[in-house]
Amino acid sequence: MAELSRLPGPVADLWDWQLEGSCRQVNPEVFFHPEGERGPARRSRDSEAKEVCLACPVLRQCREHALSVREPYGVWGAMTEDEREAYYAGQAVPAAS
């Protein structure tokens with residue numbers, strides 16, 4: 001679960017960026033893997049999600065949100081769960097566009 005204490009307050013201005021997300025036009029299953037998905041199927045789904053993210057006008061805001069609240073699931077801001085975990089651990093992370 002995301003760390004709720006890190007979530008922004010209920011002020012709409014803090015959340016409006018989500019209305020512009022390219023992901024709103026795509027099936028959410030692209031961004032969240034099913035239980036037990038591994039290997040090529042997971043890499044393929046993650047790649048598809050990242051393609052959507054990389055063309056998104058709010059990529060930066062999405063990534064910043066995911067990192068600041070430690071989103072535990074899914075692809076956010078073109079980063080997978082594993083990439084976010086690597087970021088928290090101080091390892092290399094791909095640059096945002």
Side-chain angles (χ1 to χ4, degrees):
M1 177 177 226
E3 292 186 25
L4 299 178
S5 64
R6 296 176 182 254
L7 291 173
V11 179
D13 291 346
L14 299 175
W15 296 94
D16 277 351
W17 62 268
Q18 293 181 2
L19 299 173
E20 303 300 321
S22 296
C23 58
R24 293 175 58 86
Q25 308 302 318
V26 179
N27 186 331
E29 291 177 359
V30 170
F31 300 93
F32 298 94
H33 67 84
E35 184 78 29
E37 182 183 58
R38 301 275 187 270
R42 186 163 178 178
R43 285 190 300 273
S44 177
R45 187 196 41 73
D46 285 344
S47 292
E48 184 180 352
K50 285 180 167 189
E51 284 182 33
V52 173
C53 294
L54 291 173
C56 183
V58 294
L59 169 65
R60 182 184 51 77
Q61 294 95 321
C62 182
R63 181 175 284 193
E64 288 172 359
H65 163 78
L67 293 172
S68 69
V69 302
R70 292 184 171 251
E71 284 289 349
Y73 303 110
V75 174
W76 289 75
M79 289 180 76
T80 65
E81 298 162 16
D82 293 338
E83 289 167 341
R84 289 193 303 277
E85 286 300 321
Y87 172 84
Y88 304 140
Q91 299 172 1
V93 177
S97 296

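Only a predicted model underlies this, so the values are computations on that prediction, with no experimental measurement involved.
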I'd like to check Arg70 versus Arg84 (side-chain heavy atoms, cut-off strictly below 4.5 Å). Are they in contact?
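Result no, sub-4.5 Å side-chain heavy-atom pair not found.
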What I'd like to find out is whether the side chain of Ser22 reaches to under 4.5 Å of the side chain of Pro57, using heavy atoms alone.
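Touching, per the 4.5 Å side-chain cut-off.
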Any side-chain to backbone donor/acceptor pair from Ser68 onto His65? Under 3.5 Å, distance only.
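At least one qualifying donor-acceptor pair exists.
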Working to the nearest 0.5 angstrom, can you tell me the gap between [X] [atom1] and [Y] [atom2]?
| X | Y | atom1 | atom2 | result |
| --- | --- | --- | --- | --- |
| Leu67 | Met79 | CG | CE | 5.0 Å |
| Asn27 | Glu48 | CG | CD | 9.0 Å |
| Arg63 | Cys56 | CZ | SG | 11.5 Å |

Which residues pass the side chain to side chain donor-acceptor pair (under 3.5 Å) test with Arg42, not counting sequence neighbours?
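Residues passing side chain to side chain donor-acceptor pair (under 3.5 Å) with Arg42: His33, Glu81.
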Name all residues meeting the side chain to side chain donor-acceptor pair (under 3.5 Å) criterion together with Glu64; count only those two or more places apart in sequence or in a different chain, and write none if there are none.
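For Glu64 the side chain to side chain donor-acceptor pair (under 3.5 Å) partners, ignoring immediate neighbours, are Arg60.
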I need the minimum non-hydrogen distance between Val58 and Glu20, along with the two atoms involved.
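Shortest heavy-atom contact: CG1-CB, 3.7 Å.
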Please name the pair of heavy atoms, one in Ala66 and one in Trp76, separated by the smallest distance, quoted to 0.1 Å.
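Closest heavy-atom pair between Ala66 and Trp76: CB-CB, 3.4 Å.
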Sequence neighbours excluded - salt bridge (charged side-chain N to carboxylate O under 4.0 Å, His left out) pairs with any residue from residues 25-37
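Listed by first then second residue: Glu37-Arg45.
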side-chain contact (heavy atoms from CB on, under 4.5 Å) against Cys53, all qualifying residues, sequence neighbours excluded:
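So Cys53 forms a side-chain contact (heavy atoms from CB on, under 4.5 Å) with Phe31, Leu59, Val75, Ala78.
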Who passes side-chain contact (heavy atoms from CB on, under 4.5 Å) against Ser47, sequence neighbours left out?
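With sequence neighbours excluded, Ser47 shows a side-chain contact (heavy atoms from CB on, under 4.5 Å) to no residue whatsoever.
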